[in-house]
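Residue numbers run from 1 in the order of the sequence given. Numbering of ligands and ligand atoms starts at 1, following listing order.
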Amino acid sequence: MAKIELKNLSKTYNKKIEALHDINFTIEDGQFFVLLGPSGAGKTTTLRCIAGLEKIDNGSILFNDESVTEDQPASRDVCFVFQQYSLYPHYSVYENLAFPLRSPMRKLPEDEIKTKVENIASMLKISNKLNNKATQLSGGEMQRVAIGRALVREPNLYLMDEPLSSLDAKLRESLRVELKNIQTNLNATILYVTHDQAEATTLADKIGVLKEGHLVQIGTPEEIYENPNSIYVSQRLGSPKINILPGTLIGMNDVPTFGIRPENITIGNGNHSAKIISIENLGSETVVALNFKDQEILVSIQGNYKSSINETINFDINNKKVLKFDQEGNRIYER
Ligand code: ADP
Ligand code: MG
């Protein structure tokens, strides 16, 4: 597959809505790159620009160090998987998967098509559905076929636009794991966009965080989680979400804001005392909400936690894990 580079890419709709502003990133050959951002951040626009479906205002797009900026969509040879499955309803699953291989340009022999289709079907666990009509499938199976239809070919790049978002939580989780395994086995180059933090951390080799058309940080999932450069980035990953609090709360009077993740607070003994507002037992962990000087603080505890609401307890913050932020919400780095 290919290495993909975006250089100084900008895109404005209707001469006024700046959807993307000076975007720069590189996807190495064989890398799983996830763009993470809320709705409206510019994720779909990025994919459409790379596919050649949108004209860009500025910048360049390179595949294997060669500009494709002026190339037609067809000649860029990318595969797009959309949010909603788009199958040919009157075709069988087999024919849907074989379709991209039957293009007149490719002219693959039928036995080669069969091998490829059967391989992909087996990876996606839909081998027993090959003779079904597309309409005789569940939503999860349809989306598997839609992903399979992209994976059956080996283009320069796979572009995936929230392909799991229409599925229920359980299916999403299992398909997520399978997609990651398949990508690893195929050594595929994938640009995957999502607003779902669990997808980003489990799938990505690299995450790029988008905020209102700006790419604000790029890093491995660990870097983005442990070392965010702003409050915004710190809030993209982690469940339960990071606590964002005023520095004065714990005597850091020169620090406007600090962040501390729920797993970096311990309850039992400690320097601070607070009241328990709620206890949520999630099985493997328990999320306890505290009221500390009228601020809500979430604490995550491994396993079960026996206590009751309104009880006063002591807690401690792991100072090594405190992230400091300035007035603008940008990280203050320790010297
Ligand atoms: P995301 O996929 O992250 O939700 P989009 O790329 O769809 O974000 O949109 C980014 C911004 O561009 C939004 O402000 C959106 O309203 C705007 N936008 C997207 N497509 C169009 C369009 N065809 N015409 C005008 N504005 C658009
Ligand atoms: Mg979108």
Side-chain angles (χ1 to χ4, degrees), residues 4-27 32-61 68-69 72-73 76 78-87 139 142-143 146-147 149-150 157-169 171-172 175-176 179 189-204 206-219 221 224 228-239 241 329:
I4 311 297
E5 271 174 288
L6 270 60
K7 289 188 174 166
N8 308 108
L9 190 144
S10 294
K11 166 73 191 168
T12 305
Y13 287 110
N14 310 325
K15 300 206 164 95
K16 50 175 193 280
I17 303 162
E18 195 184 42
L20 295 175
H21 177 87
D22 196 23
I23 301 291
N24 290 280
F25 66 86
T26 301
I27 311 172
F32 203 128
F33 195 103
V34 174
L35 275 180
L36 176 67
S39 173
K43 303 183 295 297
T44 299
T45 302
T46 309
L47 298 187
R48 291 180 58 82
C49 290
I50 295 172
L53 303 172
E54 296 289 346
K55 200 172 153 23
I56 64 175
D57 305 331
N58 240 313
S60 51
I61 300 166
V68 298
T69 317
Q72 290 301 308
R76 298 190 188 196
V78 301
C79 269
F80 219 126
V81 183
F82 298 97
Q83 201 161 353
Q84 277 296 339
Y85 26 84
S86 46
L87 303 179
M142 281 195 216
Q143 194 62 346
I147 292 170
R149 206 167 52 176
L157 170 70
Y158 298 111
L159 298 170
M160 302 197 176
D161 195 349
E162 315 208 29
L164 308 183
S165 63
S166 60
L167 307 176
D168 66 56
L171 255 172
R172 211 157 57 217
L175 209 43
R176 192 167 81 199
L179 185 60
T189 312
I190 299 185
L191 175 55
Y192 185 108
V193 309
T194 183
H195 64 273
D196 183 305
Q197 56 117 3
E199 284 179 17
T201 40
T202 53
L203 290 170
K206 276 270 168 72
I207 295 176
V209 180
L210 267 182
K211 178 189 185 187
E212 296 163 8
H214 295 249
L215 190 57
V216 290
Q217 191 170 352
I218 300 174
I224 299 289
N229 64 13
S230 65
I231 293 177
Y232 178 85
V233 173
S234 79
Q235 290 171 319
R236 294 305 105 200
L237 297 184
S239 172
K241 65 184 189 327

Checklist outcome for this item: closest protein heavy atom to atom 7 (O) of ligand 1 is Thr44 CB, 3.8 Å

Next on the checklist: Can you tell me how the ring of Phe32 sits relative to the ring of Tyr192, calling it parallel under 30°, perpendicular over 60° and tilted otherwise?
Outcome noted: tilted

Checklist entry - Which heavy atom of the protein is the closest neighbour of atom 19 (C) of ligand 1, given with residue, atom name and distance? => result Tyr13 CE1, 3.3 Å

Checklist entry - To which protein heavy atom is atom 8 (O) of ligand 1 closest, and what is the distance rounded to 0.1 Å? => result Gly42 N, 3.2 Å

Checklist entry - Should the proximity of Asp161 to ligand 1, defined as any heavy atom under 4.0 Å, be assigned to the side chain, the backbone, both, or neither? => result neither

Checklist entry - Any sub-3.5 Å donor-acceptor pair from Lys241's side-chain atoms to Ser234's backbone N or O? => result no

Checklist entry - Non-hydrogen atoms of Pro38 versus ligand 1: any pair closer than 4.0 Å? => result yes

Next on the checklist: Quick one: does any side-chain atom of Arg76 pair with a main-chain N or O of Ile50 as donor and acceptor, under 3.5 Å?
Outcome noted: yes

Item to check | Side-chain donor or acceptor of Arg172 paired with backbone N/O of Glu199 under 3.5 Å | outcome: no

Checklist entry - Has Gln83 got an N/O/S atom less than 2.8 Å from the Mg ion (ligand 2)? => result no

Checklist outcome for this item: So the atoms of ligand 1 within less than 4.0 Å of a heavy atom of Ala19 turn out to be 11 (C), 12 (O)

Next on the checklist: Looking only at distances, can you tell me whether any N or O atom of Asn14, backbone or side chain, sits closer than 3.5 Å to an N or O atom of ligand 1?
Outcome noted: no

Checklist entry - Please state which protein non-hydrogen atom is closest to atom 4 (O) of ligand 1 and give its distance, to 0.1 Å? => result Gly40 N, 2.6 Å

Item to check | Atom of Arg236, atom of Val209 and distance for their closest heavy-atom approach | outcome: CG-CG1, 3.6 Å

Next on the checklist: Quick check: closest heavy atoms across Leu159 and Ala51, and the distance to 0.1 Å?
Outcome noted: CD1-CB, 3.7 Å

Next on the checklist: Protein heavy atoms near atom 26 (N) of ligand 1, is at least one of them under 4.0 angstrom away?
Outcome noted: yes

Checklist entry - For Ser10, does its backbone N or O pair with a side-chain atom of Asn58 as donor and acceptor, under 3.5 Å? => result no

Checklist entry - Starting from atom 5 (P) of ligand 1, which protein heavy atom do you reach first, and at what distance in Å? => result Thr45 OG1, 3.6 Å

Checklist entry - Just by modelled atom types, is the Phe80 backbone N or O under 3.5 Å from a matching donor or acceptor in the Asp161 side chain? => result no

